[in-house]
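Here the structure is laid out as structure tokens; the discussion comes afterwards.
By convention in this document, chain letters (A, B, ...) are assigned in the order of the sequence lines, proteins followed by strands, and residues within each chain are numbered from 1. Worth saying up front: this structure is predicted, and the values here are computed from it rather than measured. Excluded from the calculations below are hydrogen atoms, water molecules and symmetry mates; all remaining heavy atoms, backbone and side chain alike, are included.
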Amino acid sequence: MFSISPAAKTRSAASAALDGHAADAVDRCGQLLREAAQELFSHYEVGVHSANEPEQVLIRNADFVGVLGFSSDEGIRGTLTLAMDQKVLERSYPLEGSDYSDWLGELTNQLLGRFKNSLLRHGTTIYLSLPVVIGGNALSLATRQATIYRDAVLASDQGQIFMRMALSIAPGVVLTLQPTSDQPPLSEGKAMIF
Amino acid sequence: MKKKILVIDDSATIRQQVSLALSASGFDVLEAADGVEGLRMILSDAEIRAAICDVNMPHKNGLELVEELQATGLAPDLPIVMLTTEGQPELIQRAKAAGAKGWIVKPFKANLLVAAVKKMTA
């Protein structure tokens, strides 16, 4: 079981301290992450749509959480946390006997990779670490006041998908997202033969 | 005799997906879970005809692997295609400069992967 309690969804001090432009940029990051997730799960033939963010998130049939860290040269650090109903995992990779904890780590990796490519198109570069998968009977996330959070819940016929982007932005650093004319990243599913 | 292809990725499910795609097209697929193991297998098995290699891996990442092969001059004729979530142009250029033969961004399409491997092992 995976859960987020109402107390843990309280707006953090760091989130509350964001000014208009910074809050907009962080909100935009949340939107890009949601879009990346919808594209990723669509590729794996799991139809998803945004769900209203509930007061409390409770996914009963979830024994694993994927976590992947990232950072930038400009003083932005964060993590992506991904949890989903076991049936969503199985639907996205319907090969019996598969290691679903490994697959969750790989989905977390592919989701953050897609998010990274979106940020590249907006002039921001992040570096990904390696995914970690945590297993347990009753997994629950806490929040820290110094961290900025953006949560998203997606719904599918197989169950819920929860994503949390947690950000720390160094003092004086301004996160801006502007479409760039720099060479775009190679898109997901594409191949380049040299 | 089936052509041997090495897939190097820290994700067991990705190795499984690549193996299934290539096996179905008549290749014999070996697996390595990181760059150190991948390098060891490349240097110890002369029958490996090509490698599919992830970028972000523990111990030795994929770019370090291709750069080490280039720097040491070992396995100079082994075509390596990177298979990764990364699409950043600078990383692609780095792989190309180190002698990699291609770059595929995950999630991969099996027909593209198979076509690339067939081309490189022709």
Worksheet item: Is A/R77 atom CZ crowded by more than 12 heavy atoms from other residues, nucleotides or ligands, each under 6.0 Å away?
Response: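 It does not: A/R77 CZ has 12 such atoms or fewer within range.
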inquiry  = For the NZ atom on B/K4, are there more than 12 heavy atoms of other groups (residues, nucleotides or ligands in this structure) within a distance under 6.0 Å?
reply    =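 Yes - once you tally the heavy atoms of other residues, nucleotides and ligands closer than 6.0 Å, there are more than 12.
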Measure [X] against the heavy atoms of chain A and call it side chain, backbone, both or neither at under 4.5 Å.
{"X": "B/Q17", "result": "both"}
{"X": "B/M82", "result": "neither"}
{"X": "B/L112", "result": "side chain"}
{"X": "B/K106", "result": "both"}
{"X": "B/L83", "result": "neither"}
{"X": "B/A115", "result": "neither"}

Q. Using non-hydrogen atoms and a limit below 4.5 Å, what part of residues 107-114 of chain A faces chain B?
A.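 Result: A/N109, A/Q110, A/G113, A/R114.
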Residues 182-193 of chain A vs chain B, non-hydrogen distance cutoff under 4.5 Å, contacting residues -> A/Q183, A/P184, A/P185, A/L186, A/S187, A/E188, A/G189, A/K190, A/A191, A/M192, A/I193
Q: Using modelled atom types only, decide if a donor and an acceptor are shared between the side chain of A/D102 and the backbone of B/T13 within a distance under 3.5 Å.
A: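 Here the side-chain-to-backbone pair exists.
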[Y] reachable from [X] in the ILVMFWY side-chain graph, under 4.5 Å edges:
{"X": "B/V7", "Y": "B/L30", "result": "no"}
{"X": "A/L154", "Y": "A/M165", "result": "yes"}
{"X": "A/M84", "Y": "A/V153", "result": "no"}
{"X": "B/I80", "Y": "B/L113", "result": "no"}
{"X": "B/V81", "Y": "B/I42", "result": "no"}

*Measure distances from A/Y100 to the heavy atoms of chain B and classify the residue's part below 4.5 Å as side chain, backbone, both or neither.*
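Nothing of A/Y100, per the 4.5 Å heavy-atom cut-off to chain B.
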task = For B/I14 and A/E106, work out which heavy atoms get closest and say how close.
result =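 Heavy atoms of B/I14 and A/E106 come nearest at CG1-CD, 3.4 Å.
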Of all heavy-atom pairs linking A/Y44 and B/P107, the shortest is OH-CB, 3.2 Å
Distance col, row B/K101:NZ vs A/F194:CZ, nearest 0.5 angstrom, shows 10.0 Å
- Atom CG in A/D99, atom CD in B/Q16: separation rounded to 0.5 Å?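 Here the interatomic distance stands at 9.0 Å.
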Worked check of side-chain contact (heavy atoms from CB on, under 4.5 Å) between A/K116 and B/T85: CA-CA 9 Å; A/K116 171 175 177 171; B/T85 60; over 6 Å; no
